[in-house]
Amino acid sequence: MIRYFLSRLVQMIPPLLGLTVILFILIRVGGDPVAHMVEPDATDEEVQLVREAYGFDRPFIEQYFTQFGLIIRGDFGDSLRFHEPAMPLVIDRLPATLELALASIVVALLIAIPAGILSAVYQNTWIDFLVTTASTLGRAMPNFWIGIMLILIVGVQLRWLPPSGRLEFSSIILPAVTLGTSIATTLARVLRSSLLEVMRRDYMTTAHAKGLKRWTVIIRHGLRNALIAVVTVFGLQMAWLLGGSVIIEEVFAWPGMGRLLLRSVLLRDLAVVQAGVLVFALVVMGTNLLVDLLYAYLDPRIRYS
Amino acid sequence: MESMNRLVKPTLIAMLALILVMPALNTAQAQGKTLTIGMNELPSLLDPPRDWAIAATWIHMNMFDCLVWRNRATAEFEPWLAESWENVNDTTWRFKLREGVMFHNGEELNADAVKYTYERITSASRAEYITYGQWTFIVEINILSPYEVELVTATPEPAMLSKMAGTGCGIQAPVAGAGMVPVGDGDYTPIGTGPYKFDSMTQDEVVVLTANENYWQGKPDIDTIIWRSIPETSTRIANLLTGDIDLMVGVPPQDWDRINANDGTSVEDFLTTRTMLLSLRAGPSEDLPDWSGPTSDIRIRRAISLAIDRETLIEVIDGLGIPTISRITPPTLGWDERHYDTFGEYDPEKAMGLLAEAGYNGEELTFHSSTSWLLQKEVSEVLEAMLEAVGLNVDLQVLDVTTFREQIYRPNKNEEIYMDALGNSFFDPWITVRSFEEGRRFRTGWEGMVADQAHSLIQQAAVNMDPASRGAQYTEVFDLVLEEAIMLPLYQMKDALGRTDALEWDMPLDGFLWMGDAVLNR
């Protein structure tokens with residue numbers, strides 16, 4: 001298990017290095033940070049002075065390897081915007097984003113698991129129809145729109161929750177529900193089909209024949225086996241969740257990494273973008289690793305060596 | 001398996017605990033009367049000469065005072081940290097400082113502070129301070145006495161007082177500043193003499209200022225100002241309606257009724273210093289050396305000017321603007337009633353005649369615009385229709401702000417027409433004509449006798465210490481610009497403020513949120 005774990009960690013390195021190249025090309029070659037650092041009527045000579053001061057006048061390949069050399073040493077360079085080291089800026093925002101991600105996961109599971117089970121157990125009834133329709137609708141609606149609607153209805157009309165920010169505990173509910181419901185729609189559908197398949201298995205019939213109560217069989221024997229598919233999808237959804245947080249953090253003024261990344265991309269703040277995207281990538285890869293390890297927990301037949 | 005069980009349960013519990021605890025840790029502790037201002041962005045840096053974004057200027061000016069003040073209603077110069085000044089000769093200015101003014105850290109304001117403030121910029125570089133170019137006119141700073149300082153300029157500087165009251169002018173505490181090594185990096189702490197003291201900042205989230213109990217004009221009525229970053233306009237409006245914020249700028253017209261109908265909030269519009277305009281390329285420039293588009297013909301540029309119906313444009317923007325054909329708007333020196341609050345000449349027939357005379361044959365005109373400003377996209381589309389109505393073949397390209405700035409504006413790759421809005425919070429005309437100076441015409445490629453004449457006038461005005469004749473020179477520059485149809489100002493923009501009715505405060509002429517005199521009735 002430990003060997004497997006370590007080998008998976010080593011496998012993360014090449015994609016992360018590739019990511020630094022892609023980010024550099026997209027941010028530095030695709031845009032000019034100096035455009036945001038000088039006055040509108042600055043002459044070419046004045047612009048050149050700023051370009052030289054930051055090393056943007058050097059060949060792209062040299063700029064990349066300079067940046068890469070810093071990254072290897074754990075130094076992502078200074079943010080052009082904040083004039084501070086980039087990685088601590090990103091790390092500062094990480095708790096807010098993880099907090100939102102975790103809350104969204106809780107919301108997603110609270111919705112998806114009961115909905116998926118009920119939909120499978122009462123297949124082809126009005127409950128199943130309701131869950132399937134709600135899942136389809138939830139998937140079809142852009143989550144930023146759901147967010148704005150929640151702000152207007154729950155925040156402004158009903159005044160039950162604060163419309164934005166991260167100033168009190170209840171602030172997290174609306175963004176978490178917005179992000180969580182989107183994932184819940186997928187998870188509920190996967191759980192439904194997975195559970196339907198499991199419920200046709202012989203061991204389920206045996207469990208019923210032993211005289212176990214219906215819901216005990218479904219929860220103890222059915223759900224656990226059906227969850228493998230859900231966990232797989234959940235791992236894939238993590239990337240979507242972090243990507244979605246960029247927009248949701250902007251809509252709800254949630255001060256996480258998503259907002260930092262969005263503004264940094266717009267202002268070509270490469271150091272922050274690289275640090276932020278690498279942290280995002282690590283979180284996604286780490287989640288996928290965790291998902292693989294969870295397989296062994298959910299299905300004792302799975303062993304890693 | 002058991003080991004996995006032991007891991008999973010504590011992990012889930014820790015996740016839930018984190019969710020519950022983290023927001024509570026972040027709760028802002030506000031004391032007394034608190035005003036919360038919703039901002040679409042917060043400053044990246046709190047050092048006035050290093051960040052000149054509007055949001056930064058608003059916050060800086062509440063923490064820092066300048067030597068000179070512009071009256072908020074008339075824009076006239078008034079004594080501030082300098083209680084008087086004297087223009088000894090064309091290049092020498094003496095400022096007598098107000099005594100007994102204390103910085104937030106207890107240091108006393110004196111001539112050392114003034115010298116320190118300006119020398120740290122002029123001895124640095126453009127890469128370190130974005131406002132560097134604004135201060136290079138100061139070549140010498142002499143301390144005459146503890147409360148008297150002399151600033152010497154390289155050439156006569158008629159815009160001296162404007163600059164001393166403008167962006168980045170805040171006087172900094174010298175002893176504290178010297179201890180921040182290197183000054184201006186992430187360890188910088190803003191220490192000024194302004195009505196509010198810096199309390200805390202969470203980047204991109206919130207800046208908290210507290211009242212300066214020892215403010216030289218008396219303690220402000222509001223105890224705490226919280227500047228909250230809420231980038232999405234609809235979310236900011238929702239926060240205003242629920243009372244989570246008390247003030248916001250940039251309320252779109254479609255939301256006015258909702259805010260006015262809400263109990264305790266209202267909307268008021270105000271005039272900004274910003275002018276929406278079209279700029280036309282007249283010739284190639286270093287960054288676009290092979291350009292030879294239709295607007296190189298003055299008749300086609302004039303036809304464009306004649307095709308614009310400003311009255312319709314004002315309707316498109318719901319009346320949120322005053323039509324103008326000059327960038328110099330009142331009360332800025334050089335504004336002219338011939339140019340202001342006028343729709344200008346609109347004559348499509350004459351425009352078509354000029355196009356025929358120029359032998360225009362349907363060549364494409366590229367029109368770059370962006371989504372930077374309120375209703376800019378809609379106005380661009382209406383302008384495209386107006387130009388096409390007289391027979392011009394226009395290719396309108398509306399870009400997002402970043403693309404426009406990086407691909408078109410900054411590298412000077414604009415072709416026949418581009419649209420932008422430019423401000424003038426200095427209330428001095430020098431900044432409005434800068435792009436017509438020789439060496440700065442990279443976006444217009446304007447050359448020839450008239451361009452040289454405009455340049456000459458700008459050079460004369462730049463050192464002309466007589467306000468009356470200097471104003472006339474700038475007016476004449478815009479006459480030449482209009483004659484050659486190089487820049488076509490459209491309207492001076494208005495904006496709208498959403499506010500709690502508990503706030504007693506008037507938006508000043510410059511549109512800047514200085515809250516030193518604000519009263520909160522709650």
Side-chain angles (χ1 to χ4, degrees), chain A residues 31-32 34-44 46-47 49-50 52-54 79 81-85 89 92-93 95-96 98-99 102-103 105-106 148 151-152 155-156 159 162-172 250-253 255 259-260 263 266-268 293-294 296-297 300, chain B residues 1 4-5 8 15-16 18-20 22-24 26-28 41 44-45 50 52 125-128 130-131 133-134 184-186 202-206 228-232 234-236 238-239 241-242 244 286-287 401-403 405-407 409-412 420 422 431 434-435 437 439-440 442:
Chain A
D32 182 9
V34 179
H36 308 277
M37 299 164 71
V38 291
E39 61 225 79
D41 293 321
T43 60
D44 287 348
E46 290 162 350
V47 173
L49 283 173
V50 176
E52 284 169 14
Y54 285 92
S79 156
R81 193 170 143 226
F82 295 106
H83 297 250
E84 284 182 47
L89 282 171
D92 279 353
R93 313 294 179 91
L98 288 183
E99 180 188 309
L102 292 175
I105 291 166
V106 170
I148 290 171
I151 289 173
L152 288 177
V156 178
R159 309 224 170 171
S164 73
R166 186 177 171 245
L167 299 174
E168 51 194 287
F169 167 68
S170 53
S171 306
I172 200 170
E250 190 79 353
V251 170
F252 286 97
R259 273 184 72 195
L260 178 70
R263 300 206 71 78
L266 292 175
L267 297 173
R268 309 290 172 195
L293 297 177
L294 267 177
Y297 169 72
Chain B
M1 184 55 61
M4 284 297 277
N5 254 328
V8 170
M15 279 167 58
L16 285 170
L18 184 71
I19 294 165
L20 289 169
M22 287 305 290
N26 201 42
T27 303
E41 64 174 351
S44 311
L45 302 164
R50 299 194 92 188
W52 66 0
S125 70
R126 188 176 294 276
E128 289 170 275
I130 194 163
T131 59
Q134 185 188 315
D185 69 8
T202 308
Q203 277 154 348
D204 280 346
E205 186 179 1
V206 71
R228 263 185 73 186
S229 167
I230 307 171
E232 175 63 34
S234 58
T235 312
R236 218 157 52 242
N239 279 275
L241 293 171
T242 55
D244 289 314
E286 201 178 314
D287 301 295
V401 183
T402 302
T403 309
R405 195 183 292 184
E406 289 184 3
Q407 308 294 333
Y409 193 76
R410 184 64 267 164
N412 312 317
D420 200 6
L422 299 171
I431 207 162
R434 235 177 148 208
S435 59
E437 283 176 25
R440 294 188 196 270
F442 24 74

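Proteins get letters first, then strands, A, B, ... in listed order; numbering begins at 1 in each.
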Which atom names give the shortest non-hydrogen contact between [X] and [Y], and what distance separates them?
{"X": "A:His83", "Y": "B:Leu45", "answer": "CD2-CD1, 3.5 Å"}
{"X": "B:Thr235", "Y": "A:Pro163", "answer": "CG2-O, 4.1 Å"}
{"X": "A:Ala42", "Y": "B:Arg410", "answer": "O-NH2, 3.0 Å"}
{"X": "A:Pro162", "Y": "B:Asp244", "answer": "CA-OD2, 4.3 Å"}

Toward chain A, the part of [X] with a non-hydrogen atom under 4.5 Å:
{"X": "B:Gln407", "answer": "side chain"}
{"X": "B:Thr242", "answer": "both"}
{"X": "B:Glu437", "answer": "neither"}
{"X": "B:Asn412", "answer": "side chain"}

What part of [X] is in contact with chain B, defined as an atom under 4.5 angstrom from a non-hydrogen atom: side chain, backbone, both or neither?
{"X": "A:Leu266", "value": "both"}
{"X": "A:Arg81", "value": "both"}
{"X": "A:Glu46", "value": "both"}

Query - Contacts of A:Asp92 that satisfy side chain to side chain donor-acceptor pair (under 3.5 Å) - sequence neighbours left out - result: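 Listed in chain order: nothing, the list is empty.
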
Using a 4.5 Å cut-off on heavy atoms from C-beta on, say whether the side chain of [Y] contacts that of [X].
{"X": "B:Ile130", "Y": "A:Met37", "result": "no"}
{"X": "A:Arg259", "Y": "B:Ser229", "result": "yes"}
{"X": "B:Arg228", "Y": "A:Leu167", "result": "yes"}
{"X": "B:Thr402", "Y": "A:Arg268", "result": "yes"}
{"X": "B:Asp204", "Y": "A:Pro255", "result": "no"}
{"X": "B:Ser44", "Y": "A:Arg263", "result": "no"}

Report task. Heavy atoms only, distances under 4.5 angstrom: which of A:Leu49, A:Val34, A:Leu152, A:Val251 has the most pairs with chain B? Name it, please. Result ->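 Sorted descending by pairs with chain B, the first entry is A:Val251.
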
Report task. Starting at CD of B:Glu205, measure out to CG of A:Leu260 and round the result to the nearest 0.5 Å. Result -> 12.0 Å

Query raised in the report: If you tally heavy-atom pairs under 4.5 Å against chain A, which of B:Asn239, B:Leu241, B:Val401 wins?
Result: B:Asn239

